[in-house]
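Shown next, in structure tokens, is the structure this report addresses.
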2 protein chains.
Amino acid sequence: MIPNFSQAEENYIKNIYHLQQSTGFVTTNELSAALNTKPASVTDMLKKLKLKKLLNYEPYKEFQLNALGKKVALGIVRKHRLWEYFLVEKLQFGWDEVHEVAEELEHISSKKLIEQLDSFLNYPRFDPHGDPIPDSNGKMSVQQQLLLTELPLNRFSEVTSVGSQSTELLELLKHKNISIGTRLEVKRKFSFDQSTELELENKVRVNISEQLASVLFVKEL
Amino acid sequence: MIPNFSQAEENYIKNIYHLQQSTGFVTTNELSAALNTKPASVTDMLKKLKLKKLLNYEPYKEFQLNALGKKVALGIVRKHRLWEYFLVEKLQFGWDEVHEVAEELEHISSKKLIEQLDSFLNYPRFDPHGDPIPDSNGKMSVQQQLLLTELPLNRFSEVTSVGSQSTELLELLKHKNISIGTRLEVKRKFSFDQSTELELENKVRVNISEQLASVLFVKEL
DNA sequence: AATTTTTTTTAGGTTTGTCTAAATTTTATT
DNA sequence: AATAAAATTTAGACAAACCTAAAAAAAATT
């Protein structure tokens, strides 16, 4: 069984994980900047994580999480994103307010807690920022969700989720003939009001407001 | 504003609070036993809590939380019990499983989190063990709820809540003519099967099983 | 290739919260 | 009231996680 790790250890693991997503390797300075700690402190912790067999690390070299380290990291990411989803969906937090709180909640250790939470939330696949939530085996959807506001022009895409369940929003979406699964392309953006012209699957064009575009998640096809 | 306290400090505060409920005062040894730490460590922390103006403490004397200390303690108790309620009501935990997890969750610091959670849970007044949940001002219902199994003979009492929402339970309660608000007295307990004979408000007598009695909360009148 | 700059590590401290062992104070017993 | 026992505090250490300052290694520049 995987042992428990301290909050500090978990923060290092999680940050290494995120940093190594780009190039596969991380440097002491990068990590120290991400964690807001001095490089000397980072070195200390790297030795400890190596000792605990989570990290490939040799002095003065770049480092990376090994298989076990990545597994642990995915568990933390899972908790973080599930809690974010919970805060937004159930406790009426805004997307922008959840990160800090989730930073604390992600360190709660109960395995049962997180499995029951996942089930209670109905196994969401993406957090409120569109990032994929690893399942209990660490698997997650590869494709990141984008906000419609971030989608470039003329890319085929599909609506994957909406950032709120309010009846007002659902009413509007019904009117515009948009629902989960609707395929669309962004054809134009009007800078005056940031409104967006979409082309739906049936070639119909609709114009949607910035407020609406900013609560629609899509994935590119 | 009240500052934040470390997890260790919070655990001391909470335990002092509970211990001083009986006699109003706590001794170093009592607290050390409750916390599973050595008396010497307790002394260290007592000095710190005194310095932080939470505690009335003089060397070699019994001690107690002052007004501020009690306020802080109630905030922790509030969080603990709200989380317990959440775990049982929303995440299908059994009463017996919640304590440990709540011990961790009670240290999450976000004020907004706990207020939103309270609202999400619909401002429950008692936790799954029948203990009252302080409101955001630290006020709580004085009367503790009891399990019907704990109620002495011939005491007027009123059903306040049921420990589960299962349809099976509700079906049985309907059959027995018992609901929230029903007034009753325990008239006899049969040691063979621990079943209980109740007298309801209309003088009707019913016999209920131990399983049923152990999910009914009552308050004495 | 030599030198400078940057990065990383080492060495030695600090704080928090714990411990053990010894000293002190309080309480209980004779 | 004197002594023994129990409770509490003090003194000195230790681990975790951080720090600063100096040393060492690696990378960049001349």
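Here is the naming used below: chain letters follow the sequence lines, and residue numbers restart at 1 for every chain.
Distance Glu58(A) CD to dA24(D) P: 20 Å, rounded to the nearest Å. Distance Glu9(A) CD to dA16(D) C1': 9 Å, rounded to the nearest Å. Residue Leu46(B) contributes atom CG, which lies 7 Å from atom P of dT9(D) at whole-angstrom precision. Residue Leu49(B) contributes atom CG, which lies 13 Å from atom C1' of dT16(C) at whole-angstrom precision. One can place CD of Glu62(A) at 12 Å from C1' of dA27(D), the figure rounded to the nearest angstrom. Whole-Å rounding puts the Gln7(A) CD to dA16(D) C1' distance at 13 Å. When rounded to the nearest whole Å, the span between NZ of Lys38(A) and P of dC19(D) equals 6 Å. Distance CG (Leu51(B)) to P (dT16(C)): 11 Å, rounded to an integer number of Å.
Using a 4.5 Å heavy-atom cutoff, the side chains of Asn11(A) and His107(A) are in contact.
For the pair Met45(A) and Thr28(B), both in contact range of DNA chain D, the more 5′-proximal nearest nucleotide belongs to Thr28(B).
When the side-chain nitrogen and oxygen atoms of Asn29(B) are compared with OP1 and OP2 of dT8(D), one or more of them lie within a distance under 4.0 Å.
In Phe190(A), the CZ atom is crowded: over 12 heavy atoms of neighbouring residues, nucleotides or ligands sit closer than 6.0 Å.
Between the side chains of Thr27(B) and Asn29(B), not a single donor N or O lies within less than 3.5 Å of an accepting N or O.
A donor-acceptor pair under 3.5 Å links the side-chain atoms of Gln64(A) to the main chain of Gly24(A), judged by distance alone. Between the side chain of Asp127(B) and the backbone N or O of His129(B), at least one donor-acceptor pair lies under 3.5 Å.
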- Task: Mark up nucleotides 10-15 of chain C, 5' to 3', with B wherever a protein heavy atom is under 4.0 angstrom from a base atom, S wherever such an atom reaches only the sugar-phosphate, and - elsewhere.
- Result: B-----
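Between Arg78(A) and Glu115(A) there is a salt bridge, with a side-chain nitrogen of the basic residue lying less than 4.0 Å from a carboxylate oxygen of the acidic one.
A cation-pi contact, defined as under 6.0 Å to the ring centre and within 45° of the axis, links Lys90(B) to Phe120(B).
Counting non-hydrogen atoms under 4.0 angstrom, Tyr12(A) reaches the backbone sugars and phosphates but no base.
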